[in-house]
There are 2 protein chains.
Amino acid sequence: MAMATMDEILSAIDAGQTAAVERLFGFLRIPSVSAVPAHFPDCDRAADWLVAELGSLGFDAAKHPTDGRPMVLGHLKCARRDAPHVLFYGHYDVQPADPLELWRSPPFEPTLESGPRGERIVARGAVDDKGQLMTFLEACRAFQQFGGPPCSITALFEGEEETGSPSLPAFLAKNAKALKADVALVCDTGMWGPTVPAITIALRGIVGEEVVLTGPNRDLHSGVFGGLAVNPINVLAGILGGLHDANGAVALPGFYDGVEELPKELLELWDGLDFDAAAFLGGVGLTTPAGERGRTPLEQLWSRPSCDINGISGGYAGEGQKTVIASTASAKVTFRLVGKQNPERVSQSFRAFVASRLPPDVKARFIGGGGSPALSLSIKNEALRRAKRALEAEWGKPAALVGCGGSIPIVGAFKRELNMDCLLVGFGLDDDNMHSPNEKYERTSFHKGARSWARILAALAA
Amino acid sequence: MAMATMDEILSAIDAGQTAAVERLFGFLRIPSVSAVPAHFPDCDRAADWLVAELGSLGFDAAKHPTDGRPMVLGHLKCARRDAPHVLFYGHYDVQPADPLELWRSPPFEPTLESGPRGERIVARGAVDDKGQLMTFLEACRAFQQFGGPPCSITALFEGEEETGSPSLPAFLAKNAKALKADVALVCDTGMWGPTVPAITIALRGIVGEEVVLTGPNRDLHSGVFGGLAVNPINVLAGILGGLHDANGAVALPGFYDGVEELPKELLELWDGLDFDAAAFLGGVGLTTPAGERGRTPLEQLWSRPSCDINGISGGYAGEGQKTVIASTASAKVTFRLVGKQNPERVSQSFRAFVASRLPPDVKARFIGGGGSPALSLSIKNEALRRAKRALEAEWGKPAALVGCGGSIPIVGAFKRELNMDCLLVGFGLDDDNMHSPNEKYERTSFHKGARSWARILAALAA
């Protein structure tokens with residue numbers, strides 16, 4: 001069979017949109033929340049769903065058990081002998097949906113809403129990452145009608161991306177041979193604007209820590225004991241309140257070891273992006289950059305490390321007063337890393353910071369501590385140059401080369417375990433409510449995302 | 001009918017013990033949690049229960065509506081023309097029972113457990129305050145068999161003690177004439193030891209504050225926004241972490257205005273009590289006094305002010321990680337006051353402290369702020385001297401004149417609104433788990449408590 005033209009492939013994608021949305025809805029209905037043990041069976045169902053989906057696309061696919069949620073691995077060999085081999089990665093797990101009361105429709109009952117840019121798909125996982133990974137599989141589906149994609153493809157889907165990918169490094173090490181490809185493709189990032197595509201060339205790393213402080217062996221009356229008995233919430237606030245200095249910098253000893261100044265070339269490229277910080281913050285009700293003093297907003301987001309308390313709890317949180325000194329208090333804290341910051345050392349520094357500030361009778365227990373370093377891709381990379389041209393052909397505008405404040409642990413693991421570069425192309429938008437109530441994915445992102453991948457696969461094979 | 005002898009009264013109390021425990025159990029089964037709106041109807045039921053109970057004791061009693069939970073007010077006139085008139089106060093509301101999973105038996109299904117000092121009554125409210133207030137009514141019941149108590153009695157029971165008694169001042173002001181008596185009696189405090197009775201002559205005041213910080217208009221992805229968007233939990237920890245200085249003192253400007261050094265006589269009396277701080281702290285798993293440096297433990301508890309965060313919450317508190325910057329964070333804080341500290345000024349100082357530390361884009365909303373000043377009773381008071389002798393007769397040991405770290409808003413209100421002194425006699429023990437899971441009241445406290453009140457009423461009438 002002769003190679004189809006790009007127009008034929010793109011027309012096939014256009015013609016199959018309704019069925020594509022139906023398939024995505026089926027995937028979104030599975031509440032595969034990896035952080036919550038009650039949803040572990042749902043994670044298994046999502047993995048099974050992907051195995052079936054890959055099978056329908058001609059992949060030889062299977063579910064692989066790990067110590068955590070299963071991996072889905074599939075292979076599709078291209079008939080052309082000189083075809084490049086790409087590894088595509090996505091994740092089928094999603095963030096917890098709470099607070100549920102803020103959703104306009106149930107998070108696991110996907111719906112089409114109309115918005116200022118046309119219809120949008122609303123559900124937990126719509127953009128992160130089920131909708132995004134399906135753009136790639138829909139491109140594969142279009143090629144299938146014409147003899148298959150022009151590249152050999154290994155597809156890898158994990159179910160622990162939202163919980164720090166704990167099982168991934170061991171799985172990669174054990175399956176290095178089956179996973180090694182010329183380049184890895186990942187669809188878990190965003191556009192530069194609603195009509196401007198982007199390739200992400202810098203990703204922050206992450207360290208996630210949870211600390212539980214315990215003082216008295218039970219909750220105490222704050223009148224009877226207050227002023228004499230140690231209060232773990234007072235202690236926790238005192239310690240966490242010291243994590244930042246007066247200039248907004250993180251106060252952990254050694255935290256900035258490995259943080260480097262940006263190359264001038266990249267800093268100029270980013271300045272040229274004319275990032276509208278006021279609009280970015282305004283979209284979430286804010287007006288003022290709040291991080292490290294003396295940095296541009298894009299530096300604060302893409303090339304400077306940060307520290308956020310993601311959750312804190314202790315004592316009585318119900319209505320009214322309860323005059324209690326709680327026995328325990330806890331907090332979840334993440335650090336975003338850049339440059340050569342070492343996740344292990346940041347984790348140790350945090351734990352030492354807490355431990356050194358504990359008064360008598362208060363004990364700290366640490367949970368988590370998983371992490372991944374920051375990553376970057378050279379702007380001279382050949383796959384990057386081809387993908388950039390393919391995106392420009394689809395969107396009519398040059399693709400921006402951007403950083404990303406978030407972390408995708410797989411990218412570090414691909415580099416570390418398989419010495420493989422990653423091409424990060426995604427179609428999310430800033431207002432997609434990722435990790436928030438009413439998460440959505442524009443239908444244009446879903447549709448033109450599939451078209452973009454078709455063009456990129458062809459460009460890589462050219 | 002001739003006056004009964006004290007022996008006859010006490011024998012009647014002894015003989016009625018089983019029935020008395022049954023009555024108390026009926027009262028304890030009503031989950032009258034005043035902090036939780038879902039339990040407001042239960043608060044009404046508890047008030048009705050008391051009206052019926054007072055009626056059965058010959059009181060002219062009724063339930064009185066307020067802006068919050070109803071008051072119960074009853075009058076019983078003594079036939080003797082020169083009989084003193086006492087006002088007895090108690091509260092029918094109880095603390096929330098959570099965390100429920102730590103109770104050995106359901107909190108509102110009272111049970112008798114055996115303990116090292118004999119049987120104990122286990123239920124929310126067993127000691128605070130249902131069991132305690134019933135000691136007084138059981139004394140009245142014994143007198144009833146012999147023509148009635150030797151004093152005229154006004155009984156006042158409120159249902160908002162655990163939420164700061166917001167409706168009380170207005171009720172007292174409006175009903176001043178009906179409530180005015182020679183002295184007020186309150187049973188909501190503790191013994192000095194399991195066999196040593198006590199009269200509480202110093203009570204700390206209280207200010208309760210709740211602060212809710214709001215930053216972004218929704219929860220954000222901490223990777224995408226971290227380092228640029230303000231994090232309300234980071235801000236809250238920073239502010240609350242500054243509430244204490246390095247010496248354990250409260251850092252609010254002006255907080256110590258009105259805090260006085262103790263009279264030498266009282267300090268010596270307290271030093272003579274040989275308070276075993278190690279045992280007091282050891283009972284709750286602690287070893288080391290944690291409050292203001294340079295103060296004895298009894299000073300820290302009874303005559304120094306304190307500040308405790310009673311609850312804190314924000315962001316994701318479930319299992320695992322959620323990399324979120326929360327839109328809001330909140331905390332409940334109480335201050336215990338002494339001497340002439342002004343609750344209103346402490347409240348204002350806290351709010352100003354928070355407001356002055358807010359970065360741009362973070363707004364603070366304050367809830368609560370109700371409070372009452374600290375109170376003390378002269379050790380030369382005549383009612384105090386008579387009650388002291390009565391207690392010594394019952395327990396065989398002199399009653400200790402003690403302070404109390406907790407707050408009983410009514411005491412301040414009686415002084416302020418009715419210019420009436422308060423005699424605080426109670427039978428709680430340090431290990432009664434007040435405000436905690438498995439709250440209990442010793443049967444000896446309940447039994448000898450009733451006998452103590454019988455003796456005190458007789459002593460006041462003598």
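In this text the structure is predicted, and so the values were computed from the model without any measurement. Every chain is numbered from 1 and lettered A, B, ... according to where its sequence line falls, protein lines coming before strand lines.
In this structure, the separation between CG on B:Asn310 and CG on A:Asn231 is 7.5 Å, given to the nearest 0.5 Å.
Of all the heavy atoms in B:Thr288 and A:Pro360, the pair that sits closest is OG1-CB, 3.6 Å. For the pair A:Ser222 and B:Arg204, the tightest heavy-atom approach, listed with the atom from each and the gap, is O-NH2, 4.1 Å. When every heavy atom of A:Leu281 is checked against every heavy atom of B:Ala229, the shortest pair comes out as CD2-CA, 4.3 Å. When all heavy atoms are compared, the tightest approach of B:Asn217 to A:Gly285 is ND2-N, 3.3 Å. Pairing each heavy atom of A:Asp308 with each of B:Gly226, the nearest pair is OD2-CA, 3.3 Å.
Contact count versus chain A (heavy atoms, under 4.5 Å) is highest, among B:Asn433, B:Asp128, B:Val235, B:Val333, for B:Asn433. Ranked by heavy-atom pairs under 4.5 Å with chain A, the first of B:Ile233, B:Leu240, B:Leu228, B:Ile239 is B:Leu228. Your options are B:Pro359, B:Gly241, B:Gly368, B:Cys307, and the one with the most heavy-atom pairs under 4.5 Å with chain A is B:Gly241. The residue among A:Val362, A:Thr334, A:Val250, A:Ile309 with the most heavy atom pairs within less than 4.5 Å of chain B is A:Ile309. Looking only at heavy-atom pairs under 4.5 Å with chain B, the residue among A:Gly242, A:Gly190, A:Ala35 that has the most is A:Ala35. Comparing A:Leu203, A:Ile367, A:Val230, A:Thr163 by heavy-atom pairs within less than 4.5 Å of chain B, the highest count is held by A:Val230. Interface remark: of the candidates B:Ser313, B:Gly215, B:Gly238, B:Ser313 forms the most heavy-atom pairs closer than 4.5 Å to chain A. The candidate with the highest count of non-hydrogen atom pairs below 4.5 Å against chain B, out of A:Gly164, A:Pro297, A:Pro99, A:Gly227, is A:Gly227. Per-residue heavy-atom pair counts under 4.5 Å with chain A were compared for B:Gly248, B:Pro305, B:Pro37, and the maximum is reached by B:Pro37. Taking B:Gly405, B:Cys404, B:Gly314 one by one and counting their heavy-atom pairs under 4.5 Å with chain A, the maximum is reached by B:Gly314. The greatest number of non-hydrogen atom pairs below 4.5 Å with chain B, out of A:Leu102, A:Val36, A:Ile325, is found for A:Ile325.
Side chain of B:Asp361 to main chain of A:Thr287: a donor-acceptor pair is present (N/O by atom type, distance under 3.5 Å, no hydrogens or angles).
Contacts between B:Arg336 and chain A at a heavy-atom distance below 4.5 Å involve the side chain alone, from C-beta outward. Of the two parts of A:Asp430, only the backbone, made up of N, CA, C and O, holds a non-hydrogen atom closer than 4.5 Å to a non-hydrogen atom of chain B. At a 4.5 Å heavy-atom cutoff, B:Glu160 makes no contact with chain A through either its backbone or its side chain. In this structure, chain B has a heavy atom under 4.5 Å from the backbone of A:Glu209, while its side chain stays farther away.
Aromatic ring pairs are classed by plane angle as parallel below 30°, tilted from 30° to 60° and perpendicular above 60°; the pair B:Phe280 and A:Phe225 is parallel.
Inter-residue side-chain proximity for A:Leu220 and B:His435 is flagged as unmet; no heavy-atom pair is nearer than 4.5 Å. Looking only at side-chain heavy atoms (C-beta outward), A:Leu243 and B:Asn234 stay at 4.5 Å or farther from each other.
Side-chain polar atoms of B:Ser436 and A:Asp219 form no donor-acceptor pair below 3.5 angstrom.
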Query raised in the report: Between B:Met434 and A:Val224, does a side-chain contact (heavy atoms from CB on, under 4.5 Å) hold up when you go through it step by step?
Result: CA-CA 9 Å; B:Met434 190 162 65; A:Val224 175; 3.5 Å; yes

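Among the residues in residues 315-324 of chain B, those with a non-hydrogen atom closer than 4.5 angstrom to a non-hydrogen atom of chain A are B:Gly315, B:Tyr316, B:Ala317, B:Gly318, B:Glu319, B:Gly320, B:Gln321, B:Lys322, B:Thr323, B:Val324.
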